[in-house]
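FYI, the numbering just counts along the sequence from 1.
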Amino acid sequence: MIEVCADEMQPLLARGLVRPLDPRGVKDFDQLALSDSGEIRNDAGKVLFVPASAGPHGLIVNSEQLDPSSIDSYTDLFDPAYAGRAAMESTPLTAIGVTAMALGMDDPMNLTPDQIGEVKDYLFEHRDQFRDFAESDASMGNLFKSGEAVIADGGRGTTETMIRDGVPAQWIGPREGVLSWVCGLAITSHAENIPAAYKLINYYVSPAAQAIGGENGFVVMNPKALPLMAPEFRATADPKTLKTAIPETEPATQELYDRAWQEVAAG
């Protein structure tokens, strides 16, 4: 078994490392969010992984330092008012994607080489805006704990972790829309105990297991989990919130995304 995300599938497929799944072996498959999505299938329409978790990627603010009602756009990351107090996740797909959306590009997972160049130039021009490019959720949390950052791009799960650690953080969905990672479970091409693999998948997408993820800041894939969750988590965990999200998938020009971000991060 492997956990895999939509933006990681192509290298696995190229090496023949995953096998198609039979959705009939997964209880409630047709009710799972994104079960009808092309992001979880190959070109022949075969299911490659069962969606088990997702997480919208928007903005995180320190709600004591900033007024959350005044923040509603990815362009706020580049507002000179927050110079030196902004942070950005150091991940090519999200960093390039978020900046593209701030520039008004509406298809951040399929940027042309010219668009990628425009995004890179914009990031270079505004590099001093950012206190740091966070390499992990823990790094981002530390930037907010120390007060070095008061605004950043990031996920709802990261925000919930900050809140549990005592940070006055709030997650905001920007008006340009949100990105969303989509991950799940796949069976490797060399797996031998296939029945056990399906049992594990069925556990992960069961209402009880999904409810645990929902209370940790993630969007549940199985809507039957919502009634099992504390009321305060249901709205943000509802899979309906993904209907307008842009799934993070591997761009055809992934190498250009990676190269552009490496140049920006290296200065």
* Verdict with supporting geometry, Asp30 and Ser35, side chain to side chain donor-acceptor pair (under 3.5 Å) -> CA-CA 6 Å; Asp30 290 338; Ser35 61; 5.2 Å; no
* Asp258 and Gln254: side chain to side chain donor-acceptor pair (under 3.5 Å), yes or no, with the steps? -> CA-CA 6 Å; Asp258 293 344; Gln254 180 69 57; 2.8 Å; yes
* Could you go through the side chain to side chain donor-acceptor pair (under 3.5 Å) check for Ser73 and Glu176 one step at a time? => CA-CA 7 Å; Ser73 170; Glu176 295 90 352; 2.4 Å; yes
* What do the steps show when you test Thr158 against Thr161 for side chain to side chain donor-acceptor pair (under 3.5 Å), and what is the final call? -> CA-CA 5 Å; Thr158 303; Thr161 299; over 6 Å; no
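Under the 4.5 Å side-chain criterion, counting only non-hydrogen atoms from C-beta, Leu17 is not in contact with Thr188. In this structure the side chain of Met9 reaches within 4.5 angstrom of the side chain of Val4, judged on heavy atoms. In this structure the side chain of Tyr204 never reaches within 4.5 angstrom of the side chain of Ile201, judged on heavy atoms. Residues Val205 and Phe29 fail the side-chain proximity criterion, which asks for heavy atoms closer than 4.5 Å. With contacts defined as side-chain heavy-atom distances shorter than 4.5 Å, the pair Gln170/Ile60 does not qualify. Contact check for Ile212 versus Met229: no side-chain heavy atoms found under the 4.5 Å cut-off. Residues Leu13 and Leu48 form a side-chain contact, since some pair of their non-hydrogen atoms from C-beta on lies under 4.5 Å apart. At least one side-chain heavy atom of Pro239 sits less than 4.5 Å from a side-chain heavy atom of Leu226.
The main-chain N or O of Gly25 is found under 3.5 Å from a side-chain atom of Asn202 such that the two form a donor-acceptor pair. Using a distance-only test at 3.5 Å, with no hydrogens or angles considered, a donor-acceptor pair links the side chain of Gln210 to the main chain of Asn222. Between the side chain of Tyr198 and the main chain of Asp22, a donor-acceptor pair closer than 3.5 Å is present. With hydrogens and angles ignored, the 3.5 Å screen pairs a side-chain donor or acceptor of Arg19 with a backbone N or O of Ala191. In terms of modelled atom types and a separation under 3.5 Å, the side chain of Ser189 and the main chain of Gly16 share a donor-acceptor contact. Between the side chain of Gln129 and the backbone N or O of His126 there is no donor-acceptor pair closer than 3.5 Å. Distance alone, capped at 3.5 Å, places no donor-acceptor pair between the Glu39 side chain and the Pro247 backbone. Using modelled atom types, one side-chain atom of Asn193 and one backbone atom of Ala196 make a donor-acceptor pair closer than 3.5 Å. Judged purely by atom type and a 3.5 angstrom limit, Asp238 has no side-chain atom pairing as donor or acceptor with the backbone of Arg234.
The hydrophobic clustering, which links ILVMFWY residues whose side-chain heavy atoms are closer than 4.5 Å, places Val178 and Leu242 apart. Taken together through direct or relayed side-chain contacts under 4.5 Å among Ile, Leu, Val, Met, Phe, Trp and Tyr, Leu185 and Val47 form part of one hydrophobic cluster. By the criterion of side-chain heavy atoms lying less than 4.5 angstrom apart, applied directly or through intervening Ile, Leu, Val, Met, Phe, Trp or Tyr residues, Trp171 is not grouped with Leu77; the two fall into different hydrophobic clusters. Cluster annotation: Leu111 and Leu179 are assigned to the same hydrophobic cluster (Ile/Leu/Val/Met/Phe/Trp/Tyr, side-chain heavy-atom contacts under 4.5 Å, transitive). Ile163 is not connected to Phe144 by any chain of hydrophobic side-chain contacts under 4.5 Å among Ile, Leu, Val, Met, Phe, Trp and Tyr, and they are in different clusters.
When every heavy atom of Gly214 is checked against every heavy atom of Val220, the shortest pair comes out as CA-CG1, 3.7 Å. Counting all heavy atoms, side chain and backbone alike, Gly155 lies closest to His57 at N-ND1, 4.0 Å.
Once rounded to the nearest 0.5 Å, the distance linking CG of Asn62 with CE of Met162 reads 9.5 Å. Atom NZ of Lys27 and atom OG of Ser206 lie 9.0 Å apart (nearest 0.5 Å).
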Using a 3.5 Å cut-off and no angle test, enumerate the donor-acceptor pairs between side-chain atoms of residues 101-110 and protein atoms at least two apart in sequence or in another chain.
{"from": "Asp107", "atom 1": "OD1", "to": "Asn110", "atom 2": "ND2", "distance (Å)": "3.2"}

Validation: residues 113-125 side-chain donor-acceptor distances under 3.5 Å, sequence neighbours left out:
{"from": "Gln115", "atom 1": "OE1", "to": "Thr112", "atom 2": "N", "distance (Å)": "2.9"}
{"from": "Lys120", "atom 1": "NZ", "to": "Glu263", "atom 2": "OE1", "distance (Å)": "3.0"}

Side chains of residues 81-95: which donor-acceptor partners sit under 3.5 Å, not counting sequence neighbours?
{"from": "Arg85", "atom 1": "NH2", "to": "Ala81", "atom 2": "O", "distance (Å)": "3.4"}
{"from": "Ser90", "atom 1": "OG", "to": "Trp261", "atom 2": "NE1", "distance (Å)": "3.2"}
{"from": "Thr94", "atom 1": "OG1", "to": "Thr91", "atom 2": "O", "distance (Å)": "3.2"}

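Legend: salt bridge (charged side-chain N to carboxylate O under 4.0 Å, His left out) pairs involving residues 161-174, not counting sequence neighbours, sorted by first then second residue: Lys145-Asp165. The ring-ring contact (aromatic ring centres under 6.0 Å, His included) pairs that include a residue from residues 209-253 are Trp181-Phe218, where partners are two or more places apart or lie in different chains.
Counting heavy-atom neighbours within 6.0 Å of Glu192 CD, excluding the residue itself, gives a total of 12 or less.
Evaluation of the salt bridge (Lys or Arg N to Asp or Glu O under 4.0 Å) rule for Arg131 yields Glu148 as partners, not counting sequence neighbours.
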